[in-house]
Structures are given as structure tokens and as C-alpha cells.
2 protein chains.
Amino acid sequence: MPESHPAPERFPVTVDVVALTVRRGELNVLLITRLIEPFRGKLALPGGFVLAGEELLEAAARELAEETGVGHLPGHLEQLGSYGPKGRDPRGDVLTVAHLLLAPDFPVLAAGSDAEHAAWYPVAEVPELAFDHALILDDALERAKSKLEYSPLGAAFCGDEFTIAQLRSVYEAVWGTRLDPRNFHRKATGTPGFLEETGTMTTGDAGRPAALFRLAPAARMTAGQPTRAVLNPPLMRPRE
Amino acid sequence: MPESHPAPERFPVTVDVVALTVRRGELNVLLITRLIEPFRGKLALPGGFVLAGEELLEAAARELAEETGVGHLPGHLEQLGSYGPKGRDPRGDVLTVAHLLLAPDFPVLAAGSDAEHAAWYPVAEVPELAFDHALILDDALERAKSKLEYSPLGAAFCGDEFTIAQLRSVYEAVWGTRLDPRNFHRKATGTPGFLEETGTMTTGDAGRPAALFRLAPAARMTAGQPTRAVLNPPLMRPRE
DNA sequence: CCAAAAGTGTTAGCCGTACACCCATGT
DNA sequence: ACATGGGTGTACGGCTAACACTTTTGG
């Protein structure tokens, strides 16, 4: 923290959100189509300016709500990192604090605002993005992959209750690998403090009904703060 | 990225640096004594305003140099995370981007600037800090601990050349545990792409001379960017 | 010779992987 | 009956943890 000898420069500060979900077995990211310059017509991450009196997470949650129409925070939101301020926006220096949302598939407002239109895109098919958003997306994907190894946040992609197979398909989509259903089942159910059985079963699907699980209390959020609980030993993603 | 309907708020943006080193087997952090209000007389992390045209890392490196007198970046510097802007400074909203430096023990300028005086403090004995710096320090310590598990950055605490025992003492200091010298030796030297022998040996110490190592090329920085190389399998810290 | 630290060998047990096998439902 | 997916048992291999032991220096 400095004294004020050099007049403190002030920067416009934005928040961007990399919202990830799993749809039909594929990892998807929420992108908006820019209807204004710069980068008009290009895809970009949802985001916007931090307003006076706002915390970073608040601002990210607000921008997400404004651009998708979701009523409340649909999943787990955390800070990813900050980018800039130099050379990322042709209009001038802007610092952006990127955020990562891991959420179940939620509907985005069909008719976006007058300036932007949001939709899900499979990450494997994302075209060129505006600003430095391709870099931010890369970092977000890497963060998501490692989050799944060491934290119970894979469940953030599912609803409140889910089967082991649904959870496994999340891991497979995010990591881009196939996992052995039997070993995954044993590992997920056998990790203390991770899952708890609801007692109910699925029905109507093909095959034997599956037990429904939810996150164990120790693995859930604590007072709005992301849990520090760790999966130990980790669920390891196959390396290459 | 937004259109400009709401006049974009502009924030003063600072960078703070949590500089960690290992001295005499203890993890130490660089702190400055504040000579001006607010928090006059209290300890704080070194840091200061981001200037126009600066990147975040540049600003962090500049502040570090200004407050310690080091000529060049003495170790590995990376972004930790952003804090604020609300309620962290009594003078008004300030966004700060915290950084983490892992470095060998380097001397700090005895006579600091007119406003601040920097020195190393063992992390176990850090008293109350100014602003939200205690929170930032906690996050930095946690980050440092996990960095050692998955990256070769433990070596950033050592000089260019070091013995396995010196490297082990880094792990022990950061993790606050004792490690078996024999198993650590095997693991460190046996991990492909981590260390390479210099060919020279120490001399003059008690006991058998030790071989000197340096980081293998694959584990070093690439063009100023922190390496993404990963220790796989990780060097695991004992849990509890 | 003794202490001290470096480095190697060896073993037991845990855990991840692979895969055979049984269970319970929909059609 | 059969297909489909849920769930359990089991064996092998690699890795960690624990520790006995040898090597090489300084005092």
C-alpha cells in the first residue's frame, strides 16, 4: 500500500465470466454475440463494468444475471484471475477480473438485451473470440480440470441430486476422457466427506435404477464462501 | 465486455506482493512498516499503485524493486488474486491485485524509502497486518504449499544450484513438516524432467559431500512465462 | 575412531487400473 | 428373454512410507 506521491492512476475495471456447463455429454461455455463495436459480430465472454460499491463476485453475478436472465446464481462462482490492463481493448486500458462459473445446464434468456445475445457453445467448437477472451477461456478450462481433481466441485455441474453416472459424465466432459464406470463409482462413493445418499432411486431410464446422491455437508458451500474441502486422495485425471 | 450505458466507474488499482523465502529453515515473508496513515506503525505487504501503461506483473516487480532495492527479479513472480474494491481501505475503494514471489533469501535495502521500511519476518510470528493483508497472506501461504506439490517451483527458493537437502528444507519449511531425507532424495532425483546434476559437489560441510543440482531445462521458465510443467506424480505433502 | 550427512536397498501396504461378474429394471 | 446400465469382487502393478545399511567427509 502506497503513499500518494504519484497521482494514483484510475482504471476502468470489468468482470468477465466464463460460465461452463455440461450439455449432452459435452462441455459448453456461455458466450454473447457482440452487437456493437469493437469486435461487432464476434463472440465474447459475458461481462461488464464493476459499479461503485460492488465487490468483484457481486459484479460478476450481476452481469451473469443481466445477460442470461437467471434469477439467482445457478452454480459455483469463483475468481479466476485478472488480465491487463494494457492492450486488451482498442478503446483503452481496461483491467478485467475473470471469473469461473460451474453450473448445471440452465436456460438463457432467448431474447437477450438490445446489445448482446447469449447462448451456450460447445468448447470444442468455439470460434475466434473478442479481446483476449480466448486466453481467458483457456485458463478457465485448465482451472476447471484441476478443480475436479481436488475439490468436490464436479457436483456443481449437476443439480442438487444426481447419480454417480451423471457425475461421471461431468468428469468425462471436462477432462475429455473416458473413465471406468466401476472404478469411478467406487472412488466417488468411497471418498469420505464427498457424497451422501438421498435414499431415493432413479426410475424410468434404461437399465437398473441408480441411487441418487447429493454433496455431503462437509463438501458444500459454507456461508456463501466456496468450500476449502479437498478430495484427498484426489480423483485423478488420466495424464495423456 | 459492456457497452457504455452506465458511465464506467474507475478505480485506483494497486498491486501487492507476498514475497516468501526460506531463511534458517523457516518460511519468511517480506513486510514493510507503514510510516504514514492509515495503519501507521503497522506492518503491511509491499505494494503500490499500478501506473499508466503498466502490466500487473510489471507493476508488482517494480514495487518490489523500489521497496527492497533488489536490482532484478530475484525469483518466481506470479499473480495470486484480486481483492476488493470495497471496504479494504479507509480512504476509499481500491482494487488490489495480489502477487506471490518465491525467491531465495535476498538482502533488503537497510534504509528503506522515506515512507516505508522493509524486512523479512518469519511467517509463524507475523503480528496483525494492515488492510486485508492477513487474508492475502493466508491465501498466499496456501498457494505456495500447493505449488510445491505440483510444480518444480520449490527450486525457486534456492539459488541456481542447490543440494537435495537444501531443496528438502524448503519443502519442510513451507509445509511445516519433516520429510524423510532418503525418500525425498529418491523422489526428487527420480522425477523425470525435474532436476539435473551439475557434476560438482559441496565441500566443507559436516558429513559426506552432496551433489549439486539445478532445475532441468523442461522445468525452467520459458520466455519469462511461468512454466506449466507439472510434477507428475506430485510430491505429496503429508495431510495432517 | 566417531559423528554426521549423503545416498542405496528392501520390504510392506495402500491405491489405482483393469476386468470378470452379478443385480435390477425397461421392452 | 434380452438389452442396458448399476454396482461388487478380485488380482496385478506401481508408488509411498519406513527403515536398515553403506559411503564419504570433518573433527
Side-chain angles (χ1 to χ4, degrees), chain A residues 24-25 148-150 154 158 161-173 175 177-214 230-240, chain B residues 24-25 148-150 154 158 161-173 175 177-214 230-240:
Chain A
R24 293 184 301 281
L148 261 52
E149 294 194 76
Y150 305 106
C158 303
E161 300 192 352
F162 48 87
T163 67
I164 301 296
Q166 287 165 1
L167 184 62
R168 175 168 49 84
S169 89
V170 165
Y171 279 75
E172 291 179 334
W175 287 345
T177 59
R178 308 296 299 182
L179 298 171
D180 185 295
R182 298 154 302 191
N183 291 336
F184 183 87
H185 186 282
R186 204 194 333 262
K187 179 80 185 186
T189 56
T191 299
F194 184 19
L195 300 178
E196 90 189 354
E197 226 163 331
T198 64
T200 53
M201 310 282 276
T202 58
T203 178
D205 300 341
R208 173 173 166 178
L212 283 168
F213 290 80
R214 68 171 78 87
V230 161
L231 253 45
N232 188 35
L235 256 158
M236 293 212 284
R237 71 177 128 156
R239 303 274 176 187
E240 279 74 86
Chain B
R24 292 185 300 279
L148 292 207
E149 293 195 79
Y150 305 107
C158 303
E161 302 192 351
F162 47 86
T163 67
I164 302 295
Q166 285 165 3
L167 185 63
R168 174 167 48 85
S169 90
V170 165
Y171 280 75
E172 291 179 334
W175 288 346
T177 58
R178 306 298 298 182
L179 298 171
D180 185 294
R182 292 138 339 190
N183 291 334
F184 184 87
H185 185 283
R186 204 193 334 264
K187 178 83 184 186
T189 56
T191 298
F194 184 21
L195 300 180
E196 91 190 352
E197 225 163 333
T198 64
T200 54
M201 309 282 276
T202 58
T203 177
D205 299 343
R208 174 174 167 177
L212 282 169
F213 291 80
R214 70 171 75 87
V230 160
L231 254 43
N232 187 36
L235 257 158
M236 292 213 285
R237 71 176 127 157
R239 303 277 176 186
E240 279 76 84

For this session: Take nucleotides 5-14 of chain C nucleotide by nucleotide from the 5' end and write B, S or -, depending on whether a protein heavy atom sits under 4.0 Å from the base, only from the sugar-phosphate, or from neither.
Result: BBBBBB----
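- Within the structure, every side-chain polar atom (N or O) of B:K187 is placed at least 4.0 Å from both OP1 and OP2 of D:dC15.
- Heavy atoms of A:D180 sit under 4.0 angstrom from at least one base atom.
- For the atom pair CG (A:L148) and CD (A:E172), the distance works out to 11.5 Å, reported to the nearest 0.5 Å.
- Going from atom CZ of B:F184 over to atom CG of B:L167 covers 4.0 Å, rounded to the nearest 0.5 Å.
- For B:T163 (side chain) and B:L212 (main-chain N/O), no donor-acceptor pair under 3.5 Å exists by modelled atom type.
- We find that CG of B:L179 is positioned 11 Å from P of D:dA18, with the value rounded to whole Å.
- The shortest heavy-atom contact between B:A211 and B:E197 is CB-OE2, 3.7 Å.
- In terms of heavy-atom proximity, A:N183 sits nearest to A:R186 at OD1-NH2, 3.0 Å.
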